[in-house]
Protein chains: 2
Amino acid sequence: MDLRKGKGASAPARAPGETAPGGAALPLAHRVTLNDIAAHAGVSRATVSLVLRKSPLVKEDTRQRIDQAMADLGYVYNRRAANLRSGASRTIGLVLCEIITPNYSQFTAGIDDVLDAESYVGFITNTAEDAARQKRVLVRMQEHGVDGIVLVPAEETRADALEEAHCGGLPCVLAQRRVEGFPADYVGPDYAAGMELVTEHLIGLGHRHIGFIGGVRRIAPLSERLRGFRKALRRHKLKIGPIVPCPVLDRSSGYAAARDLFAEENPPTALVCYNDIVAFGVMLALIERGLEPGRDVAVVGCDDVAEAGLHRPALTTFTTDPRVVGREAAKLLLRRIENPSRPPEQIIVPPRLIIRQSCGSAGPARALAHTTRPAPAVAATEAPKARRPRRPSPHALKGSAGT
Amino acid sequence: MDLRKGKGASAPARAPGETAPGGAALPLAHRVTLNDIAAHAGVSRATVSLVLRKSPLVKEDTRQRIDQAMADLGYVYNRRAANLRSGASRTIGLVLCEIITPNYSQFTAGIDDVLDAESYVGFITNTAEDAARQKRVLVRMQEHGVDGIVLVPAEETRADALEEAHCGGLPCVLAQRRVEGFPADYVGPDYAAGMELVTEHLIGLGHRHIGFIGGVRRIAPLSERLRGFRKALRRHKLKIGPIVPCPVLDRSSGYAAARDLFAEENPPTALVCYNDIVAFGVMLALIERGLEPGRDVAVVGCDDVAEAGLHRPALTTFTTDPRVVGREAAKLLLRRIENPSRPPEQIIVPPRLIIRQSCGSAGPARALAHTTRPAPAVAATEAPKARRPRRPSPHALKGSAGT
DNA sequence: AGACAGATTTAGATCGATCTAATTTTTCGT
DNA sequence: ACGAAAAATTAGATCGATCTAAATCTGTCT
C-alpha cells in the first residue's frame, strides 16, 4: 500500500506523534525505539531498558507507565541492537546434512521444542552432504552471531575443517554422527544398546543360532552395532553366528548377502540386520528361497523407516526417537552456552524396540494378511499409530536432565 | 587451535580492559573487528568496510592488503552490527504449522535452496497448529529483525491475528494455505489443475461415469478441487458423476462413502478421491464388495503420500512437488523484500500426475503381485525412485521466473 | 606551477539497544 | 530536620558495523 510513502517528516525524536492509529498497515515508518517509548512515558531510555529486562530496580508505578507506552506505540523489541551490546543473541544455528529425511525433520522438531520453550530461535540450513556448503553455512551462522551450533555433520567431515570454520571457538554440539578428532559435545542414538535389545529379543524367542548382515567393515558404526550384538549373545553364552558385512547398505546388497549365507550349510534361524533397508533385501532373498520371514527365519532391522511397518511381513526393528535426540541436543547446547568451559559431554539416547511380525513373535504370524479389520490386502498404518501413545522416555544415560 | 588463546595484546583500541581473563571460559577473547583489521593493515575502518562490501572505490593494492589482514587475524564478519546500521539483515523467518510432515520438510528444503543461493539464512519455527504459539514466534522473528517471513499458517489463523502480530508491516508470503482477508502474497499447489489432470487421465482410459469422493462441504479446498474435476468432465461433455463429500478426511470415512455409493444402482466405473487417505478407504470398500481397484474400478487420489506407492494396488495420484513450492515461496519473498510496494502476487504451482496401478492403466493391471523382480509379496519402493529422475518443472502459472 | 576532475581514503555520526558509573529521589533512624 | 542508606533513575559511553560528507591524493591539462 503506502509502504514507500513513509510518513512525511518521520521521527522527530521528541514527538513520535500518532504512529498509526488509523493506518491499517503502518509500514515501519521509523520503527518504534526505546527513545520513543522513553519520550512517551516521560522517563529516560535507560529506565525503559531496565523494564524490558524485567529488572527489579524499577518502581512498579513507572513500570506500568512504560508498559502502557510500549503497548500504545506498538513497540517491537530490537534484539539485534541489544545483542550488539550484550553479546548473546538467543539464537543458534542448526546445520543439517539433509533436511528431507524424516528422521531429521523429527530431530528438527525436537530442537525447536526446546528452543521455543527457552525463547531461542534457530537458523536452519541444509548442507546436502556437501562439505564446502557446510563450511560456508557454518561461517554464515557465525556472521549472524549465533550463540552456538547444532551440527549433523556432512559425510566425510574432517575435524580440521570444523576448526577452520571457527567452530572450535563456538559452542557446538554434534548430533547423530561423530567427527573423529573433534572433541565436541555429542548426542546420538545408542546403536549398541539397540542391537543388544533386538538380539536379546530373538534369544528370548528361542533362537540359538543368530547371524548378522550388513555394515561396512572397519568403520565405527558397524563395530558399535556388532558390540551390542555380541554382548547379548555372550551374556547367554551363545556362539556368535556368521557376520556378513556388505559393501553398500542397500536392499540389493542385503539380498545378495542373505542369498550367499543361505547357500551354505546350517544357516542361522534368525538374522540381525544392519538396518531396515538391508533387512528388506534379506527378506527378499529368504522368500526367493521359499522361506517365510517371521515363520521360518526371524529377521530384525534398525531405524524403523516408514516402510518398516507397511512391509509384509511388518519388520521388527528398533529406533531412537529422533525428536528426543533433538531435544537432548538442544538442551546440551544451551547448557554449553551457559557454561562454555565444562568438559565435552556425550549423550547417548536409548533405543526403543518395535516388535512386529518379521521376528515371528507378534500376534499370529501366519495370519498376516487378515487382521481383525476388513482389510484383506491393504497395508494398514496401524504400526505408527500403535507407537504414538507410548511416549518415548527422554532419559539419557549421561548428563543431567536440565530443563 | 589458538582460537581460545587470543593473540596476546590484541587491539586494545580504547583499553576496554580484559573482558574476562579470570572468567573460567573467556568468551571469545575479543572477537576481531573492523578496527583490528584497519590497524593491522594501516588504513581506516571505513576503507575496510568498503572492501567488505566489495566497493569498486578501493584501490586494488589496498584491497589486497586488507584481505590479507583479514585472513591473518581470522576475521568473521559481524552481520548483526552491520544490520543495525543498514537495516536489512539477510535473514527471513520460516514459520511452519508442523515441521514433521514430510511435505513440509521438502518445502523447507526448497526454501533453503533459494536462501542459500542468495546468501540469506532462515530461522525456522514450528507452531504445531497452535495460534498462540504462532503469534509468539511471529513476534520473536521480528525482534530478531528478519527481512520477511514465509508463513504456513496454523489452522484457523485469522487475518486480524496476523495484522496484530505486525505481519501487516513486514514482507510476508503465505504458503500452502491461504488466510482469508489477509491480502498477502501466496504460493501453493494447484489442486484444481491436479484434479483436472487425473480426471482427464481417467477419461483418456475410457471412463465415462466418474464419481468424486471426499471433502468437507462449503470450504474452499473442496470447491477448488471440484472445479478441476468438473472442468475436465465438461470439456468432454460427460455427465458429472455422483459427488459424495465426507465429514472427515480419513480412511474410514472414505470407506463409508464408497460403500454407500456402491450400494446404489449404476455406480461409477472410476472414482476421483479428495486425497490419498480417502482413496485407501475407498479401495478397502471396493475390495470388500469383491471389486478389484485398478481392474474393476479405477481409483485415483491426491498428495502422493508415502504409502501411495507401497499400497497394493499402488495408487495413481497427483502431487505438487513441495520443494518447488518452497523455492517459489522463497523467491517470491525475496522479490517482495526487494520491492515492498508491488501488489500481492499469487503463485500456483502446477501438479504432476503419478500413474500407478489403481487406475488400471500402468502396466499389466492383473499382475500386480508379480513384478519383473523376484519380489512376490514384497512392496518394492520402485515408485519413488522412478519419479526422482524426472525433474519437476518449476514453472509457475503466474509470476515471472525471477532467479 | 596551478587548477581541476577523478580516484581513494577517512573522520565522525549513526543504528538501537546495554552497561557503567553516577545522580537524584525516597525512606528512615535518631 | 538532618544525614545516611537504600531505591530509583539517568547521562553518556559502548557494541561493530554503515553511511555521509569531507579530505586527501593522484594525474592531466593549460
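Chain A is the first sequence line, chain B the second, and so forth, proteins listed ahead of strands; every chain is numbered from 1.
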**Message:** For a quick check of understanding: with a heavy-atom distance under 4.0 Å over all strands, which category does B:Ser49 fall into, base, sugar-phosphate or nothing?
**Reply:** base
**Asked** How is B:Arg79 classified with respect to the nucleic acid when contacts are heavy atoms under 4.0 Å: base, sugar-phosphate, or nothing?
**Response** nothing
**Request:** I would like to know whether A:Arg335 and A:Glu338 meet salt bridge (charged side-chain N to carboxylate O under 4.0 Å, His left out); could you show each step before the answer?
**Result:** CA-CA 5 Å; A:Arg335 264 180 272 145; A:Glu338 180 105 7; over 6 Å; no
**Prompt:** In terms of side-chain heavy atoms of A:Arg85, which of D:dA11, C:dT8, C:dA17 is nearest?
**Reply:** C:dA17
**Asked** When you check the phosphate oxygens OP1 and OP2 of C:dT10, does a side-chain N or O of B:Ser44 lie under 4.0 Å from one of them?
**Response** yes
**Asked** Of the nucleotides D:dT10, D:dA17, C:dT10, which one has an atom closest to the side chain of B:Ala82?
**Response** D:dA17
**Prompt:** What is the distance from CG of A:Leu50 to P of D:dT9, rounded to the nearest Å?
**Reply:** 9 Å
**Asked** Are any non-hydrogen side-chain atoms of B:Cys167 and B:Leu138 less than 4.5 angstrom apart?
**Response** yes
**Request:** Send over the distance from A:Asn35 CG to C:dT18 C1', rounded to a whole Å.
**Result:** 13 Å
**Asked** Could you give the CZ-to-C1' distance, from B:Arg80 to C:dA17, as a whole number of Å?
**Response** 12 Å
**Fill in**
Contacts of B:Arg65 and B:Ser86 projected onto DNA chain C by closest heavy atom; the upstream (5') one is B:Arg65
**Message:** Let's see if you can work this out: which of C:dT18, D:dA17, D:dT9 has an atom nearest to the side-chain heavy atoms of A:Tyr77?
**Reply:** C:dT18
**Message:** Given C:dT8, D:dT9, D:dA11, identify the nucleotide with an atom nearest to the side chain of B:Leu57.
**Reply:** C:dT8
**Complete:** Atom CG of A:Asn83 and atom C1' of D:dT14 are separated, to the nearest Å, by 15 Å
**A:Thr62 side-chain N/O to D:dA8 phosphate OP1/OP2 under 4.0 Å** = no
**Protein-nucleotide distance (B:Leu34, atom CG; C:dT14, atom P), rounded to Å** = 19 Å
**Item:** Any B:Thr47 side-chain N or O less than 4.0 Å from OP1/OP2 of C:dT10
**Value:** yes
**Fill in**
Given the options B:Val152, B:Leu162, B:Thr127, B:Thr157 meets side-chain contact (heavy atoms from CB on, under 4.5 Å) only with B:Leu162
**Asked** Got B:Ile347 and B:Tyr186 here, is their nearest side-chain heavy-atom distance under 4.5 Å?
**Response** no
**Message:** Just the rounded figure in Å: distance from P of D:dT14 to CZ of B:Arg45.
**Reply:** 13 Å
**Request:** Begin from the C-alpha positions of A:Arg133 and B:Asp112 and carry the test salt bridge (charged side-chain N to carboxylate O under 4.0 Å, His left out) through to its verdict.
**Result:** CA-CA 12 Å; A:Arg133 183 165 173 179; B:Asp112 185 75; 2.8 Å; yes
**Message:** With a cut-off of less than 4.0 Å, is there a side-chain N or O of A:Arg53 near OP1 or OP2 of C:dT18?
**Reply:** yes
**Distance in angstrom units between A:Asp61 CG and D:dT9 P, rounded** = 8 Å
**Request:** Mind checking B:Ala81 for me? I need base, sugar-phosphate or nothing, with any heavy atom below 4.0 Å counting as a touch.
**Result:** base
**Message:** I want to confirm an ordering. Mapping B:Leu84 and A:Leu52 to their closest nucleotides on DNA chain C, which one lands closer to the 5' end?
**Reply:** B:Leu84
**Asked** When the distance from CZ of A:Arg63 to P of D:dT9 is rounded to whole Å, what number comes out?
**Response** 9 Å
**Message:** A:Val95 and side-chain contact (heavy atoms from CB on, under 4.5 Å): which single residue from A:Val150, A:Thr125, A:Ile124 fits?
**Reply:** A:Thr125
